[in-house]
Number of protein chains: 2
Amino acid sequence: MADLNAPPMAQALRDAGYRLTQPRLAVLQVLDENDAGLNPEAIYDRGRAIYPSLGLVTVYRTLDLLAELGLVRRVHSEHRCHSYASAGTDRHHLICAGCHRVTEFPCNGLDALIEAVRQQTGYTVTEHLLELTGLCPACQASQAA
Amino acid sequence: MADLNAPPMAQALRDAGYRLTQPRLAVLQVLDENDAGLNPEAIYDRGRAIYPSLGLVTVYRTLDLLAELGLVRRVHSEHRCHSYASAGTDRHHLICAGCHRVTEFPCNGLDALIEAVRQQTGYTVTEHLLELTGLCPACQASQAA
DNA sequence: AAGTTTATTGAAACGTTTTTTCAATAAGGG
DNA sequence: CCCTTATTGAAAAAACGTTTCAATAAACTT
């Protein structure tokens, strides 16, 4: 089982005690090669180009596992929340409404903001979700033309 | 058509040019009386106690309409994004992981944070989503006992 | 109050997304 | 190589959401 070209997330999977199967590697590769959020069916379609026996169920299971391990995150919108994108060390998604590209950004200052909310409301805060949506520079440029 | 006890959102609906039907009022009342995020089926069950002929399809349609008007918002989580809660003037949800209560909070400082991201990335930012999850004071107290 | 207009309804049917079941397969260890 | 068992994928099922359309009811007009 050669892992010379395995995406970086593969090591994290192995380190967590999971097996590196061909279907999982195909899913990982699709996620690695695409910076737009992709829904399970799109991942399935692209994954079958890499591993033709890939099953849609496996895509769902793999995404769930990766999400559990914090390696991917769901991409949220008001209408649909079906897409997933890779999750790096930066925690927050910046989503282009034009090309659907998903970029991560660190959000300095959010800790202070959360602390203020904690003091105002008495809530502990254990999880937070922040997504910003707008147009990336490339889409801004092409819309201006 | 008496609206003596109509929830506040009813006026917003009427002002937007929509009819205040019994099914819609039932949905509005359910949302008004519950501070936990509720999924469509839960709203349907509770709504039928108010208006027995209520249909599930109507719940979905009413939620869509209310969301379109900014009167309710979807509640997001990593696993499921099926719940809705009332939306007031404050924009952001604070969700209790214990009792599922959804509270809104204003988030002073987020504008500055978004501006910093804009300058770092070149993105315009037209929408933002922020949710904080933790334990409310009541659940903290009951867990400590 | 009665009549008219038309927005809205709900059940049935349908479409989409996600999960379960289970025999078969394959990853990884000895 | 053999063994263990995690994982797979197709079929089936469950869950979530939308469309169709005749009937109903909200709101307006007279």
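No hydrogens, no waters, no symmetry mates; every other heavy atom, side chains included, goes into these values. Letters go in sequence order (proteins before strands), and every chain restarts at 1.
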Residue pairs, two or more places apart or on separate chains, that pass side-chain hydrogen bond (donor to acceptor under 3.5 Å, both in side chains) and touch residues 125-145 of chain B: none
In this structure, how many angstroms lie between the C1' atom of dT19(D) and the CZ atom of R61(B), rounded? 9 Å
Looking at residues at least two apart in the chain, or sitting in another chain, which of them share a side chain to side chain contact (heavy atoms under 4.5 Å, CB included) with A138(A)? C136(A)
In whole Å, what is the span from the CZ atom of R14(B) to the P atom of dT8(C)? 13 Å
The complete set of ring-ring contact (aromatic ring centres under 6.0 Å, His included) pairs with one or both residues in residues 7-50 of chain A, sequence neighbours excluded, reads none
Report yes or no: does T124(B) contribute a side-chain atom to a donor-acceptor pair with the main-chain N or O of L135(A) at less than 3.5 Å? yes
Listed once per pair and sorted, the ring-ring contact (aromatic ring centres under 6.0 Å, His included) pairs that draw on residues 70-90 of chain B, sequence neighbours left out: H76(A)-H76(B)
Atom-to-atom span, CD of Q22(B) to C1' of dA7(C) - whole angstrom: 15 Å
Who pairs with S53(A) by side chain to side chain contact (heavy atoms under 4.5 Å, CB included), at least two apart in sequence or on another chain? Y51(A)
Whether T21(B) contacts dT8(C) is assessed here as follows: a side-chain N or O lying under 4.0 Å from the phosphate OP1 or OP2. Is that the case? no
Which of these nucleotides, dA26(D), dT19(C), dG10(C), is closest to any side-chain atom of T58(B)? dG10(C)
List in chain and number order the residues that pass side chain to side chain donor-acceptor pair (under 3.5 Å) with R19(A), two or more places apart in sequence or in another chain; answer none if no residue qualifies. none
Nucleotide nearest Y18(B) (side chain, heavy atoms from C-beta), chosen from dT8(C), dA27(D), dG28(C): dT8(C)
Whole Å only: how far is the CG atom of L20(A) from the P atom of dT8(D)? 11 Å
Contacts of A10(A) that satisfy side chain to side chain contact (heavy atoms under 4.5 Å, CB included) - sequence neighbours left out: A6(A), L20(A), L25(A), L28(A)
Table please: side-chain donor-acceptor pairs of residues 56-69 of chain A below 3.5 Å, with sequence neighbours left out.
| from | atom 1 | to | atom 2 | distance (Å) |
| --- | --- | --- | --- | --- |
| T62(A) | OG1 | T58(A) | O | 2.7 |

For H79(B) and S53(B), take the nucleotide of DNA chain C holding the closest heavy atom to each; which residue's nucleotide lies nearer the 5' end? S53(B)
Would you work out how much the helix from dA1(C)-dT30(D) to dG30(C)-dC1(D) bends between its ends, with each end axis defined by five base pairs, to 10 degrees? 40°
Taking atom C1' of dA11(C) as reference, at what distance in whole Å does atom CG of L54(B) sit? 13 Å
Please tell me whether L31(A) and L54(A) are part of a single hydrophobic cluster in this structure, the criterion being side-chain heavy atoms less than 4.5 Å apart. yes
Nucleotide N/O to protein N/O under 3.5 Å, stretch nucleotides 2-6 of chain C:
| from | atom 1 | to | atom 2 | distance (Å) |
| --- | --- | --- | --- | --- |
| dT6(C) | O2 | R19(B) | NH1 | 3.4 |

Below 4.0 angstrom from OP1 or OP2 of dT9(C), is there any side-chain N or O of R24(B)? yes
Main chain of V125(A), side chain of R118(A): is a donor-acceptor contact present, judged purely on distance under 3.5 Å? no
D45(A) CG to dT16(C) P, in whole Å, measures 14 Å
Residues that R101(B) engages under side chain to side chain contact (heavy atoms under 4.5 Å, CB included), provided they are two or more places apart: Y123(A), D35(B), C96(B), C99(B), T103(B)
L65(B) CG to dA7(C) C1', straight-line distance once rounded to whole Å: 12 Å
Whole-Å distance between dA10(D) P and Y44(A) OH? 6 Å
Is there any protein nitrogen or oxygen under 3.5 Å from a nitrogen or oxygen in nucleotides 15-17 of chain D, and what are the pairs?
| from | atom 1 | to | atom 2 | distance (Å) |
| --- | --- | --- | --- | --- |
| dC16(D) | OP1 | R80(B) | NH2 | 2.5 |
| dC16(D) | O3' | H82(B) | ND1 | 3.4 |
| dG17(D) | OP1 | H82(B) | ND1 | 3.2 |
| dG17(D) | OP2 | Y60(B) | OH | 3.3 |

Using a cut-off of 4.0 Å on non-hydrogen atoms, how would the nucleic acid contact of Y51(B) be classed: base, sugar-phosphate, or nothing? sugar-phosphate
